[in-house]
Amino acid sequence: MSKEQLIAVAKNNLAHAEAGTIQQTEDFLKVPATNYYCPERWQKEIDQIFKRVPLLLATTAELPNPGDYKALEAAGTPVLISRTSSGDVQAFYNMCSHRGAQIMPVGHGNTHRFTCPYHAWTYNLEGDLTAIYANKDFGDLDKSCHSLTALPCLERAGLIWVTLNQSSTLPIETFLSGYDDLLAEFGFETWHHFKSQAVQGPNWKIAYDGYMDLYHLPILHKDTFGPDYPNRANYYNWGPHQRVAGPDPRLAQYKDLAPEDWPDQALTSGVWTIFPHISIASFDGGGRSIMLSQLFPGDTPGTSVTIQHYLMEYEPDEAQTEAALTQFEFLKYVVQEEDYATGLRQQKALESGGKPFVLFGKNEGGGHHFHHWVDLLLKTEDADLPALFDEHKTTFFSAKKQD
Ligand code: FES
Ligand SMILES: [Fe+2]
């Protein structure tokens, strides 16, 4: 079913290429400039988006084996993700049940147990408290009542989502809106995690707008990769998540093939965004690779941090490693020196108050859809979240119809 949808997307992109058209929104979109710097709004976005909807916090490739773990801070919350002995993935607050110390330092590793650095309380991979140091002195305590605090977590399509709200009533599956079935086409479960690196940027929405925007490619990136890329895009939505792929005449070579004969690359090309903070850009050449960009709000409304993860379909040999390192450095340069350098100056200009709003054109449907979802979440009560995602499930294909 998902392959049929991907082929339908490709055929739609081909039809647009042959007709010389793109999907357009009905109207322009005005987004208030204050949305990018107002501290109250920013806090609301953290509380009602980052702390309510599932976030893609890890890839299967980062923790493939039992005992593998990843500790990170997401939107100010310390999180510990563990591959348990049975091979499942679980997520917890990275926080000790004794006096709340962070148990594991930020990073990856493999272990049999998690031992707190403060007084050595020890937990197993499933988060159960297994040992209390100097137990007799400490006093009798029912260990079974003092496990790590679990967070909702789901591993799908080689990607791992965690909700930063232990009592969330929004099933991660509902949030994914069927998009995970399409992402499964990449086969990330068996991919190799090559490297990760961090880039500092402007307000998280200024940064994220850029990932859905092909319009700027030949202009802002004229000295790097821009001239080789088309700057026209179609947007396909599954709930808030969007696939960005341009009209591409090269797809004509596949159009009469049976579904099973379509090459993966033709079906997964372009940019895949996962609301509210992920962009996956795919590349080809001697096996596929992707850069998965993971955005988090920074410490102030005008800052963000992006972790770039480079994943490869196969473990690279020496020559491929060299090539991948060069490409990954290049990608960091482009994002840091072109996208985010521009974004940081844009941030300053917006904060000057010189314009009351920014504009998104009829060709920038990705921005329309994204800001629409940000606004929807800011006005939706916790109890209504599952219904919100159910209602807006698949708008796949339709040109933007915003309510
Ligand atoms: S805070 Fe973890 S053992 Fe004391
Ligand atoms: Fe860019």
Side-chain angles (χ1 to χ4, degrees), residues 71 78 80 92-105 111 113-124 127-139 141-143 145-149 199-233 235 242 244-246 270-273 277-283 290-295 304 306 308 327-347 358 360-361 363-364 366-367 370:
L80 177 61
F92 311 97
Y93 286 92
N94 183 13
M95 183 183 186
C96 183
S97 305
H98 177 213
R99 295 231 304 278
Q102 290 191 31
I103 299 167
M104 303 306 283
T111 187
R113 64 187 79 85
F114 301 116
T115 299
C116 179
Y118 202 172
H119 313 88
W121 283 29
T122 296
Y123 305 83
N124 62 17
D128 307 313
L129 176 61
T130 51
I132 294 176
Y133 171 68
N135 200 352
K136 266 198 188 145
D137 295 347
F138 188 84
L141 188 73
D142 183 355
K143 289 198 204 63
C145 299
H146 295 84
S147 305
L148 297 180
T149 304
V199 191
Q200 310 296 323
N203 175 277
W204 72 276
K205 298 196 304 303
I206 289 189
Y208 203 56
D209 285 343
Y211 290 93
M212 289 166 292
D213 167 1
L214 303 194
Y215 182 38
H216 76 283
L217 298 187
I219 315 300
L220 183 60
H221 301 303
K222 63 181 183 309
D223 298 326
T224 48
F225 70 98
D228 304 332
Y229 277 79
N231 71 337
R232 308 180 82 200
Y235 298 91
Q242 310 195 59
V244 187
V271 174
W272 296 67
T273 69
H277 70 144
I278 300 293
S279 156
I280 297 173
S282 57
F283 311 102
I290 59 151
M291 181 170 76
L292 186 152
S293 304
Q294 194 180 39
L295 281 79
S304 63
T306 300
Q308 301 178 320
Q327 189 186 24
F328 203 28
E329 264 170 41
F330 170 74
L331 291 168
K332 183 173 184 176
Y333 172 85
V334 167
V335 172
Q336 190 168 275
E337 303 302 328
E338 296 182 346
D339 290 305
Y340 288 1
T342 303
L344 285 162
R345 290 192 291 269
Q346 182 187 356
Q347 179 83 37
V358 301
F360 287 83
N363 61 337
E364 298 183 286
F370 168 63

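Note that ligands are numbered from 1 as they come in the structure, with each ligand's atoms numbered from 1 the same way.
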Taking everything shown except Y118 itself, do over 12 heavy atoms lie less than 6.0 Å from its OH? no
Any side-chain heavy-atom pair from H119 and R99 closer than 4.5 angstrom? yes
Heavy-atom side-chain proximity of Q294 to I278 below 4.5 angstrom: yes
Please name the atom of H221, restricted to N, O or S, that is closest to the Fe ion (ligand 2). NE2
Name whichever N, O or S atom of D339 ends up nearest to the Fe ion (ligand 2). OD1
Criterion side chain to side chain contact (heavy atoms under 4.5 Å, CB included) against Y340, the qualifying member of V334, I206, V199: V199
Using side chain to side chain contact (heavy atoms under 4.5 Å, CB included) as the criterion, point out the one residue from W204, Y211, Y208 that pairs with T306. Y211
Would T122 and T115 count as having a side-chain donor-acceptor pair, cut-off 3.5 Å? yes
What count do you get for protein N, O or S atoms closer to atom 4 (Fe) of ligand 1 than 2.8 Å? 2
Ring center gap for H221 and Y229 short of 6.0 angstrom: no
